[in-house]
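Okay, structure first, notes after.
Atoms within each ligand, like the ligands themselves, are counted from 1 in listed order. Computed from heavy atoms alone, side chains included, the values below leave out hydrogens, waters and symmetry copies.
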Amino acid sequence: MKKNCKTDKIETLCVQAGYTPKVGEPRVAPIVQSTTFYYEEAEQLANLFDLKDNGYFYSRLGNPTCGVLEDKVCALEGGVGALCTSSGQSANMTAILNVCSSGDHIVCSRTIYGGTSNLFSVTLKRMGVDITFVKPDATIEELESAIQDNTKVIFGETIANPAITVLNFEEYAFVAKKYGILFVVDNTLATPIHARPLELGANIVTHSTTKYMDGHATSVGGIIVEGKFNFKNNPRYKTFNEPDDSYHGLVYADIETAPFTVKARVQLIRDTGMMMSPMNAFLTNLGTETLHLRMERTSSNALKVAEFLKSSDKIEFVKYPYLVGDKEYNTAVKYLKGGAGGMISFGLKGGRDACEKFISNLQLLALVTHVADLRSSVIHPASTTHRQLSSEGLIEAGVPENLIRLSIGIEHIDDILQDIKQAIEKI
Ligand SMILES: Cc1ncc(COP(=O)(O)O)c(C=O)c1O
């Protein structure tokens, strides 16, 4: 975007934010496939290490192509700083470890993505970080009763994968603010097109950019975006208020702009190496250029599919938050602007057999272990992602045997509907 162009229109930001070419430079943000950067004086590099100057010196800590994506997604989410990571998992892991050490605790919405749930309740637990799960529609009282003196993060997903619940932002944000606790929201499935969590009380937003941001299923990646939060003298965040011996005594809370992002970059990503590659940043940035158009079509297609499923006598239940009558409809309309993305789940009459036949009958929708790209897809969790669970276990996990999950893309709605209709009729 040209230097003097100021806009807050999300469509324009999708297309142009993050990259300002100089005269004669490439119009498209290029791939800077270089690990290192050239300097002449020792002092120039020293100033970068001391964070006195902005610039790149080693691609584990920052890279110009990743920088373009960071600046764009930061603008899309209305943040003050952003950091690309190697995956959505590493974005959430970095967001938590940036404030939590062994002996700390997080409060987390129960319906989050299974991979994140495992990360928190198995891997982080093994590292000494404890977790209390609460409902995505938890009341203030329920949230307050989960808070402990050592609670460092309250975590949820705007639209949860695969439960498709919508987070009670108001209650979560109220409790986080009251107790001075960082409120972290994974906005992967809503994207900034449908929700901007930082405007709904969140302090940090994370994404698996692998999903709608890339949108073409080419690149695994993640990003963390920082909003406002006062770490200074907050007794919960000692590591922000004490000098970091591993970074020549830097006190992160003293950094005026984006202290969370600086700490995550120069301390955690420096040590763990969970950065995004320039190639993936390039491809993901291309994806974001059409994010607004894709989300509009994905969401309108998904609503039509959900309406059709609701009207079919072969269907036991349908879950889509923007469907009138859905349990989450009021919450969805309150927090999601213009749509609820492409994920739908529904229950087929006839159990597991009917589900397997339905999937084999499909001619357009493909069976894949992925959601949220521009191609419509389907999965039957009971025979794939959750196949190790017993019938009782499936019910406990909220994934009954007859549940089918759809990720609706941007093909013509007539073709999508026709495929689903014929696949149901042929069972
Ligand atoms: C909401 C959400 N967060 C995080 C992740 C993890 O992302 P990745 O697969 O990029 O590591 C996923 C993956 O499906 C997800 O759906």
Could you tell me, atom by atom, which parts of ligand 1 come under 4.0 Å of a heavy atom of Thr210?
8 (P), 10 (O)
Would the distance check show the side chain of Asn301 and the main-chain N or O of Gly409 forming a donor-acceptor pair, the cut-off being under 3.5 Å?
yes
Can you report which non-hydrogen protein atom sits closest to atom 14 (O) of ligand 1, along with the distance?
Lys211 NZ, 2.9 Å
Can you confirm, on distance only, whether ligand 1 has an N/O atom lying under 3.5 Å from any N/O atom belonging to Gly88?
yes
Nearest protein heavy atom with distance in Å, relative to atom 16 (O) of ligand 1
Asn161 ND2, 2.7 Å
Sidechain-backbone polar pair: Thr116 side chain, Ile112 backbone, donor-acceptor under 3.5 Å
no
Please could you name the atoms of ligand 1 that Thr188 approaches to less than 4.0 Å, counting only its heavy atoms?
1 (C), 2 (C), 3 (N)
Has Ala91 got any heavy atom lying under 4.0 angstrom from an atom of ligand 1?
no
Of the choices His370, Glu157, His207, Gln89, which has the non-hydrogen atom that lies closest to atom 11 (O) of ligand 1?
Gln89
Test your reading of the model: is there a side-chain donor-acceptor pair from Asp137 to the backbone of Leu167, 3.5 Å cut-off?
no
Considering only heavy atoms of Gly221, which atoms of ligand 1 have at least one such atom less than 4.0 Å away?
10 (O)
For the backbone of Gly341 and the side chain of Ser299, can you confirm whether one donor and one acceptor N or O come within less than 3.5 Å of each other?
yes
Give a yes/no verdict on whether any heavy atom in Asp186 is under 4.0 Å from an atom of ligand 1.
yes
Among Tyr113, Phe155, Phe133, which residue meets the ring pair (Phe, Tyr, Trp, His ring centres under 6.0 Å) test with Phe120?
Phe155
Could you measure the distance from the CG atom of Leu189 to the OH atom of Tyr212? Nearest 0.5 Å is fine.
6.0 Å
Just to verify, which of Ile269, Leu182, Leu268 counts as forming a side chain to side chain contact (heavy atoms under 4.5 Å, CB included) with Asn98?
Leu268
